[in-house]
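Reading through the structure tokens given below for one structure.
Reminder, nothing fancy here: chain letters follow the sequence lines and each chain counts from 1. Keep in mind the model is a prediction, meaning the values are calculated, not measured.
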Number of protein chains: 2
Amino acid sequence: MAVTIKDIAKYAGVSVTTVSRALNGYPDVSEETRERIKKIAEQLNYTPNSLARGLVTNKTHTVGLVVSELIKPGAYHPFFLEVLAGIKAGLKKDKYDLILFTVDPESQDATSYEKLCNDRKVEGAIVEGLRLSDPYIKEIKKTQIPTVLIDIPILTDKVGYVSSDNVQAAFEATSYLIKLGHRNIGFINGHDDAAVSFERLEGYKKALKKNNIPYKEEYVVFDDFTQEGGYNSFKMLVFEHPEITAVFHASDLMAIGSFKAAKDLGMKVPDDISIVGFDDIELASLITPGLTTIRQDTFKMGYNAAKHLLSIIKGEKPQHILIPHKLVIRDSARKI
Amino acid sequence: MAVTIKDIAKYAGVSVTTVSRALNGYPDVSEETRERIKKIAEQLNYTPNSLARGLVTNKTHTVGLVVSELIKPGAYHPFFLEVLAGIKAGLKKDKYDLILFTVDPESQDATSYEKLCNDRKVEGAIVEGLRLSDPYIKEIKKTQIPTVLIDIPILTDKVGYVSSDNVQAAFEATSYLIKLGHRNIGFINGHDDAAVSFERLEGYKKALKKNNIPYKEEYVVFDDFTQEGGYNSFKMLVFEHPEITAVFHASDLMAIGSFKAAKDLGMKVPDDISIVGFDDIELASLITPGLTTIRQDTFKMGYNAAKHLLSIIKGEKPQHILIPHKLVIRDSARKI
DNA sequence: AAAAGTATCCAAAACGTTTCGGATAGAATT
DNA sequence: AATTCTATCCGAAACGTTTTGGATACTTTT
């Protein structure tokens with residue numbers, strides 16, 4: 001049987017009230033007895049029962065991380081881990097614990113977002129990897145549970161989000177290709193069920209417009225963020241539009257898929273085709289040629305998401321938090 | 001205010017006891033009232049308070065995942081995610097939730113393993129990524145908390161472990177190189193603070209012995225499991241022993257480091273040097289030449305770890321669970 | 001010397017469940 | 001008709017905390 005506050009009280013010859021107040025640093029207990037109680041607690045190896053405490057205080061010091069699509073076998077998210085590390089780091093000082101929920105569209109129908117959170121009494125949640133069409137999206141728009149989303153723009157009374165400036169990032173990537181002399185620039189975008197896809201498309205268009213290059217709808221194709229997505233789209237794109245000399249991608253995985261497709265088609269990167277990715281995953285620097293891409297600071301995304309969630313829990317106002325990005329230039333795009 | 005069992009009781013005109021027993025499927029409540037109560041609970045959107053329940057039943061339906069070294073920024077573990085996905089899958093049917101602890105040697109000194117688990121009232125834990133010299137290792141050897149380790153051989157009353165058959169796997173990899181005609185085979189092993197390193201070394205030795213090739217201590221070097229580790233060790237190894245024609249690695253990351261080192265040294269893989277890895281991470285099939293390596297079924301490791309933990313919690317006897325591996329042959333090793 | 005203030009303590013209620021040990025009433029058995 | 005069963009219900013205790021609203025005794029102020 002675990003040792004309780006009662007045991008300590010008996011041992012110290014005081015009431016449980018006093019033990020509680022002593023251990024929690026209340027002022028109305030003498031330093032002498034406080035020390036005595038602390039020592040006894042230490043000796044008995046006392047650890048407070050978080051359930052009992054949570055029951056009365058209505059605080060659990062726990063937040064949830066609800067993820068979808070990120071850890072499916074066969075389709076592991078390339079930077080989920082970095083984000084997770086950031087989240088854990090952001091939670092550390094305040095000693096909040098993290099409980100991990102994985103969801104999919106079916107489970108979202110089975111149990112609502114609120115129920116999921118209430119079941120486990122989390123004080124708030126970070127959510128990541130949802131598609132715009134997921135049931136939780138609607139729910140989160142009107143929830144009262146402190147929430148911060150990653151890469152999904154919803155801003156209400158209780159929910160904020162963090163993301164990169166996708167418009168600007170895509171603008172920079174496309175502008176870079178234009179600066180290298182490219183005029184016929186394809187864009188292999190992510191699926192149209194992700195907010196970032198629209199933002200990146202906007203940035204792509206913006207760069208074209210600024211440089212007086214007409215936007216051609218047929219140069220952009222939507223597909224999964226995966227390698228296969230890139231592979232297939234690339235083949236199609238260059239087959240139908242051989243005049244394309246560069247293609248910008250909404251993810252590094254897609255860009256790598258294009259690498260492979262190019263190879264299969266007998267095209268050399270960057271000699272025959274320039275390629276730019278998005279994310280800067282670890283792989284990007286390992287492959288040859290090195291992939292020119294947009295670096296997202298994913299650790300920081302997680303860190304700020306956690307910090308922001310904590311602040312919302314404390315009652316502060318939700319925000320949109322922008323995480324700095326950076327164009328990192330390697331060898332997959334060349335001047336023409 | 002959340003709706004409680006009392007509210008339902010009042011609403012239904014019965015006692016809280018009856019509500020509890022109705023909702024929990026006890027037989028001593030008529031089907032009629034049970035239905036009525038269920039309906040009311042549904043209408044009121046009742047979710048049981050897990051804290052209160054846990055307080056009295058002493059069960060939390062929660063297990064911990066304690067990880068070390070796996071999600072440090074700059075050194076993300078290549079298959080932690082797969083294992084995690086497996087764990088979540090293994091926990092699903094029994095509806096256990098997972099709470100994630102990240103530890104390092106300092107935090108292990110600050111709070112003991114038992115305290116960590118007791119604080120959050122987890123019923124058991126899966127632990128992953130510990131080094132043999134970590135403080136928790138000693139503690140886990142004598143803990144009464146149901147525990148299953150990944151890749152760390154400890155077997156007691158309450159703790160079991162899952163791992164690949166590292167001896168056999170290393171034996172197979174080395175034998176394969178020998179079969180290709182190699183005689184001077186280097187081995188870039190992981191650091192000597194991991195159990196798997198010793199097992200893999202044993203398998204390496206075994207293969208040599210079986211083929212009457214004398215074991216040379218200077219052909220094996222211990223280093224971090226990282227890419228840099230491989231890079232540095234490879235350079236050293238081939239510089240000091242240019243007669244080496246093949247090198248086996250304790251991880252794919254190290255093998256990839258060797259790829260890079262070989263390139264820097266003007267050596268071609270597999271023409272000038274044959275390389276074999278361990279793990280079969282995603283990258284292994286993406287690089288050129290494709291990396292010949294040992295595939296570990298990491299998803300299954302996680303899945304079985306979770307299932308086994310649940311069985312230990314239920315009172316069954318801990319075991320050592322072996323996960324099948326497989327030599328996957330690609331293009332990084334050639335016949336000589 | 002009386003009044004007010006201060007430091008230190010405590011009893012009891014509350015949080016929302018589960019569970020133990022009956023209680024009640026009608027049905028079945030003798 | 002008396003007894004035993006059975007089905008259905010319930011009161012109260014228990015889990016381990018925190019918190020409210022005092023109580024006590026000693027100091028200080030008037």
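Under the rule for a salt bridge (charged side-chain N to carboxylate O under 4.0 Å, His left out), A/Asp119 has no partner lying at least two apart in sequence or in another chain. Applying the side chain to side chain contact (heavy atoms under 4.5 Å, CB included) test to A/Asp104 and every residue at least two apart in sequence or in another chain returns A/Glu106, A/Ser107, B/Lys92. Residues that satisfy the salt bridge (charged side-chain N to carboxylate O under 4.0 Å, His left out) test with B/Lys314, not counting sequence neighbours, are B/Asp94. For A/Tyr303, there are no ring pair (Phe, Tyr, Trp, His ring centres under 6.0 Å) partners, not counting sequence neighbours.
Taking atom CG of residue A/Asp119 and atom C1' of nucleotide C/dT17, one finds them 14 Å apart after rounding to whole Å. As a whole-Å value, the separation of A/Lys59 NZ from D/dT17 C1' is 16 Å. Distance CD1 (B/Ile5) to P (D/dA14): 19 Å, rounded to an integer number of Å. The CZ-C1' distance, from B/Arg21 to C/dT19, rounds to 7 Å in whole Å. Across the protein-nucleic acid pair, B/Asn24 atom CG and C/dT19 atom P stand 8 Å apart, rounded to whole Å. Distance, A/Asn58 CG to D/dT19 C1': 14 Å, rounded to whole Å.
Pairs passing the side-chain hydrogen bond (donor to acceptor under 3.5 Å, both in side chains) check and including a residue from residues 137-158 of chain B, sequence neighbours excluded, read B/Tyr113-B/Thr147, B/Glu114-B/Thr143. Here salt bridge (Lys or Arg N to Asp or Glu O under 4.0 Å) pairs that include residues 8-32 of chain A, with residues two or more places apart or in two chains, are A/Arg21-A/Asp28, A/Glu31-A/Arg34. For residues 297-311 of chain A, no pair satisfies salt bridge (Lys or Arg N to Asp or Glu O under 4.0 Å), with sequence neighbours left out. Under the salt bridge (Lys or Arg N to Asp or Glu O under 4.0 Å) criterion, no residue pair touches residues 39-57 of chain A, with sequence neighbours excluded.
Helix-axis bend for the helix from C/dA1-D/dT30 to C/dT30-D/dA1: the local axis fitted to the five terminal pairs at one end deviates from that at the other end by 50°, rounded to 10°.
Taking all atoms of both residues into account, the shortest heavy-atom contact from A/Glu123 to A/Tyr96 is OE1-OH, 2.7 Å. Residues A/Ile87 and A/Ala306 share a closest heavy-atom pair of O-CB, 3.5 Å. Minimum heavy-atom separation, B/Ala125 to B/Val66: CB-CG1, 4.2 Å. Closest non-hydrogen pair, A/Lys115 versus B/Asn45, comes out as NZ-OD1, 4.3 Å.
Residues B/Ser30 and B/Thr33 have side chains that bring a donor and an acceptor to within less than 3.5 angstrom of each other. When only modelled atom types and interatomic distance are considered, A/Arg120 and A/Thr60 share no side-chain donor-acceptor pair under 3.5 Å.
Of all the residues in residues 43-56 of chain B, B/Leu55, B/Val56 reach under 4.0 Å from DNA chain D with at least one non-hydrogen atom. Residues of residues 26-40 of chain B that place a heavy atom closer than 4.0 Å to DNA chain C, in numerical order, are B/Tyr26. Looking at residues 8-16 of chain B, you'll see that no heavy atom sits under 4.0 Å from any atom of DNA chain C.
Below the 3.5 angstrom threshold, one finds a donor paired with an acceptor across the side chain of A/Thr17 and the base of D/dT19.
The phosphate of D/dT18 has neither OP1 nor OP2 within less than 4.0 Å of any side-chain N or O from A/Thr57. Of the side-chain N and O atoms in A/Thr18, none sit less than 4.0 angstrom from OP1 or OP2 of C/dC9.
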